[in-house]
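Report on the structure given below.
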Amino acid sequence: AVTCQRRPLFQDVETGRIVVREMMLSEFAGDVESICFVVMPDHFHWLVILTGSKSLSSVTGRVKRHSARKINLRNGHNGRQIWQRGFHDHALRRDEDVRRVARYIVANPLRAGLVKRIGDYPLWDAVWL
C-alpha cells in the first residue's frame with residue numbers, strides 16, 4: 001500500500017508505528033497471521049496468512065482507514081488523504097519459499113539505502129525473530 005502522492009510520511013518513526021499498530025490489531029483480532037512487514041517512508045509491505053473470515057481487501061482497507069484517521073489526528077489534519085486507493089497484492093504459489101520472500105520484504109530498507117544493517121531500521125518485523 002502506497003501513500004497519497006508517495007509522500008514520505010513514515011520517515012517520522014512515530015507515524016510509521018501507527019501503521020504497525022494497526023497491522024498488529026488485525027493479527028490480534030484473528031484476521032491474519034503476520035509473517036513479516038516493513039513500513040518504508042512512503043509505503044508498506046506485509047506478508048500475511050488470512051486466518052479469519054475477512055478478505056485481504058477488507059483487512060488492508062481497515063489498516064489504511066484506521067491508520068489514516070490516527071495519523072491525521074496526530075498531525076492536526078482533518079480528513080487529509082493519507083493512502084492511494086487500492087493496493088498491490090501477490091499470492092504466493094506453493095512452490096515459492098516463504099522465508100525467501102520474507103527476507104526480500106524486510107531487506108527493502110537496505111536496497112533503498114536507508115540503512116546499512118536491517119537491525120538499524122525501526123519499522124519491520126518477522127516471525128522468525
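These values consider heavy atoms only, across backbone and side chains, with no hydrogens, waters or symmetry-generated copies.
Scanning both residues, Gly86 and Lys64, for their nearest heavy atoms gives O-NZ, 2.6 Å. Heavy-atom minimum distance, Ile118 versus Val106: CD1-O, 2.8 Å. Of all the heavy atoms in Leu114 and Pro41, the pair that sits closest is CD1-CD, 3.7 Å. Shown here for Thr51 and Val32, the closest heavy-atom pair between the two residues is OG1-N, 3.3 Å. Between Val101 and Leu92, the shortest heavy-atom distance links the atoms CG2-CD2, 3.8 Å. In plain terms, the two heavy atoms of Arg17 and Pro122 that are nearest each other are NH2-CB, 4.5 Å.
Atoms CG and CG, on Asn75 and Leu73 in that order, are 9.5 Å from each other to the nearest 0.5 Å. Distance CG/Leu56 to CD1/Ile49: 12.5 Å, rounded to 0.5 Å. For the atom pair CZ (Phe87) and OG (Ser57), the distance works out to 4.0 Å, reported to the nearest 0.5 Å. Atom CD of Gln81 and atom SG of Cys4 lie 4.0 Å apart (nearest 0.5 Å). Here Glu14 contributes atom CD and Ile71 contributes atom CD1; the two are 12.0 Å apart, rounded to the nearest 0.5 Å. Atom CD1 in Ile35 sits 10.0 Å away from atom CZ in Arg99 (nearest 0.5 Å).
The shortest distance between side-chain heavy atoms of Phe37 and His45 does not fall below 4.5 Å. Using a 4.5 Å heavy-atom threshold, the side chains of Tyr121 and Asn108 count as separate.
One hydrophobic cluster, built from ILVMFWY side chains closer than 4.5 Å, holds both Val63 and Ile105.
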> For Leu9 and Ile82, what are the C-alpha separation, side-chain angles and deciding distance, and is it a side-chain contact (heavy atoms from CB on, under 4.5 Å)?
Replying inline: CA-CA 9 Å; Leu9 299 174; Ile82 300 298; 3.8 Å; yes

>> Is there a side-chain contact (heavy atoms from CB on, under 4.5 Å) between His43 and Arg6? Walk through the geometry before answering.
In response: CA-CA 8 Å; His43 65 282; Arg6 294 206 75 121; 3.4 Å; yes

>> Evaluate Leu123 against Val20 for side-chain contact (heavy atoms from CB on, under 4.5 Å), listing each step before the verdict.
In response: CA-CA 8 Å; Leu123 297 172; Val20 172; 4.3 Å; yes

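Proximity of a side-chain donor or acceptor of Asp42 to a complementary backbone N or O of Thr3 within less than 3.5 Å is not detected.
Within a 6.0 Å radius of OH in Tyr104, other residues, nucleotides and ligands contribute 12 heavy atoms or fewer. For Arg85, the CZ atom is loosely surrounded, since the number of other residues' heavy atoms within 6.0 Å does not exceed 12.
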Taking only distance into account, with no hydrogens and no angle test, what donor-acceptor pairs under 3.5 Å do side-chain atoms of residues 21-31 form with protein atoms, sequence neighbours excluded?
{"unit_1": "Glu22", "atom_1": "OE1", "unit_2": "Arg62", "atom_2": "NH1", "d": "3.1"}
{"unit_1": "Glu22", "atom_1": "OE1", "unit_2": "Arg62", "atom_2": "NH2", "d": "3.3"}
{"unit_1": "Glu22", "atom_1": "OE2", "unit_2": "Lys70", "atom_2": "NZ", "d": "2.4"}
{"unit_1": "Ser26", "atom_1": "OG", "unit_2": "Glu22", "atom_2": "O", "d": "3.4"}
{"unit_1": "Glu27", "atom_1": "OE2", "unit_2": "Ser34", "atom_2": "N", "d": "3.3"}

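Checked against a 6.0 Å centroid threshold, the rings of His90 and His88 do not count as neighbours. The aromatic ring centroids of Trp124 and Phe10 lie 6.0 Å or more from each other.
In summary, Asp12 and Arg74 engage in a salt bridge, as defined by a charged side-chain N under 4.0 Å from a carboxylate O.
Checked by atom type, the side-chain pair Trp83/Ser67 shows a donor-acceptor distance below 3.5 Å.
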